[in-house]
Amino acid sequence: MAIRTKDLSKIGYTDNVARSKAVNIISKHCKHDSKETVLALLSDLLEDPGKYKDNDVWKQLAEHFAPTIEEKQFTTYLLADEPKGYKTYGGKFIDTLAKQQMELAMRLPVALAGALMPDAHAGYGLPIGGVLAVDNAVIPYAVGVDIGCRMSMTVFDAKAESLKRYAHQIKEALKDYTHFGMEGGLPFAQEHEVLDREEFRSTPLLRMFHGKALRQLGTSGGGNHFVEFGELELAAGNVLNLPEGNYMALLSHSGSRGLGAAIARQYSDIAREVCKLPREAQHFAWLDLHTEAGQEYWMSMNLAGDYARACHEQIHHNLSKALGLKPLANVNNHHNFAWQEEITPGRHAIVHRKGATPAGKGQPGLIPGSMATPGYLVCGRGTEESLCSASHGAGRAMSRQKAKEQFTQSAMKKFLSQAGVTLIGGNVEEMPLAYKDIEKVMPAQESLVDIHGRFIPRIVRMNKE
DNA sequence: ATGTAC
């Protein structure tokens, strides 16, 4: 008897809290019942929850739909009249809305410090490219919907020029060993120790999404996510400790797929219930880290981060093996995440980076451009005013909608062929000209990171449409 | 970003 989220949605269980409570009860008490019996009961319960209030097995779910015992506890907060100061890098590249969102963030009563990166643009709550340090709380929408969205680069024991010789094999391997889009998955079983983590048994939501995590392991999703091979030029004395020169390298960008999205949604829903803010700031609702929900989110967020890392590891492992390439080094970093950090001597805080690269002193990181412009291997300078952060890319110069209106498929094809880039899948929303010029964005953050390598994409796979 | 959408 396997009931999936989909089955529950169909019978009207549309919120994740109800769905996870249902799955929790089913897994404990309905092992021997048929799917039909259980679904019929769940439908009846939804229609008349009062009937199940005294039922030992189902009362928890009935209470969810018809709470009687006590009203939900919440606290109302006001914003400060004036925002706390924060530093902006590359301000001339940043739109007004993103700046306004950051000002709002700096008026939150829990806000301690913040910074805006040169690729910033408006987002849901905190802008993409926003860094926010708060006191003993975590803001799900300041981490982002794609928890643990990250970069990973593997440098191979092969010269950049051998890309030409490998081109056909690489294209075939990308088609066979990566998966994009929301439906389906890889055609062969994936295994990774992250799936054995006990956290997957510790909350109803994580129990519910373990199956999906298994099916989606090693896949890349959609939007701006990619897997690409290209030419890496490493500088002398680079953070990877590899000799100066050129290398063939693999770069990937993706996150925690359905698992992270479900965690983000569930806990931002809870945050908005317990933390009431003025309407314009409600997406900044936070969870106190001393509460059970706060602890659950923190644990789940960390699991989603490790899952996203595991997805990249699978991609790199599968492709290296298929192509018979020997990895020399790997560098990887989250850019949608929260960490506990010491922001000034003796002052610990929760630092959210939503589309921002950690850039502590000596810390390696990856800042991609677009599918046909350079990406950079960087080394953090530990600049306190940026909360030890840098941009996570060039940033969009125009919206997806505008890019669709502006560019045709044939124009993009021509652009890519002139740039010497082969694209598998992809769409005009990701047209390089829809992005800011990475060569202008990098100088705006030279006080934040040193450049140790320059990567030029050559064979790129992205989601189609 | 995501099998979305109070």
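Letters A, B, ... mirror the listed sequences (proteins, then strands); counts begin at 1. All values reported here derive from a predicted model rather than from experimental measurement.
- The distance from atom CD1 of A/I128 to atom C1' of B/dA1 is 9 Å, rounded to the nearest whole Å.
- Looking at residues two or more places apart in sequence or on another chain, you find no side chain to side chain contact (heavy atoms under 4.5 Å, CB included) involving A/K10.
- A/S152 pairs by the side chain to side chain contact (heavy atoms under 4.5 Å, CB included) definition with A/S252, A/H312, A/H316, A/N330, A/N332, not counting sequence neighbours.
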Enumerate all atom pairs, one protein N or O and one N or O from nucleotides 4-6 of chain B, separated by less than 3.5 Å.
{"residue": "B/dA5", "atom": "OP2", "partner": "A/R265", "partner atom": "NH1", "Å": "2.9"}

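- Separating the CD atom of A/E465 from the P atom of B/dT2 is a distance of 13 Å, rounded to the nearest angstrom.
- By the side chain to side chain contact (heavy atoms under 4.5 Å, CB included) test, A/Q190 pairs with A/L186, A/F188, A/L217, A/Q314, A/N318, sequence neighbours left out.
- Residue pairs meeting the side chain to side chain donor-acceptor pair (under 3.5 Å) criterion with at least one member in residues 107-129 of chain A, sequence neighbours excluded, are A/D119-A/H392, A/Y124-A/H283.
- Judged by a 6.0 Å distance limit and a 45° cone about the ring axis, A/K436 is not positioned over the six-membered ring of A/F93.
- Contacts of A/G221 with the nucleic acid, taken as non-hydrogen atoms under 4.0 Å apart, involve only primed sugar atoms and P, OP1 or OP2.
- In this entry the distance linking CZ of A/R215 with C1' of B/dT2 reads 14 Å, nearest Å.
- A salt bridge does not link A/R207 to A/E199: none of the charged side-chain nitrogens sits closer than 4.0 Å to a carboxylate oxygen.
- Atom-to-atom, CG of A/N224 to C1' of B/dA1 comes out at 8 Å; the value is rounded to the nearest Å.
- As judged by a 4.0 angstrom heavy-atom cut-off over every strand, A/G222 is placed among residues touching the sugar-phosphate backbone only.
- Atoms NZ (A/K354) and P (B/dA1) sit 12 Å apart, rounded to a whole Å.
- When the side chain to side chain contact (heavy atoms under 4.5 Å, CB included) test is applied to A/P374, the partners found at least two apart in sequence or on another chain are A/Y376, A/I438, A/E439, A/R454.
- What separates CZ of A/R400 from C1' of B/dT2 is a distance of 13 Å, to the nearest Å.
- Rounded to whole Å, atom C1' of B/dA1 lies 13 Å from atom CD of A/E429.
- Separating the CG atom of A/L259 from the P atom of B/dA1 is a distance of 17 Å, rounded to the nearest angstrom.
- Contact between the side-chain N/O atoms of A/R257 and the OP1/OP2 oxygens of B/dA1 is not found at any separation under 4.0 Å.
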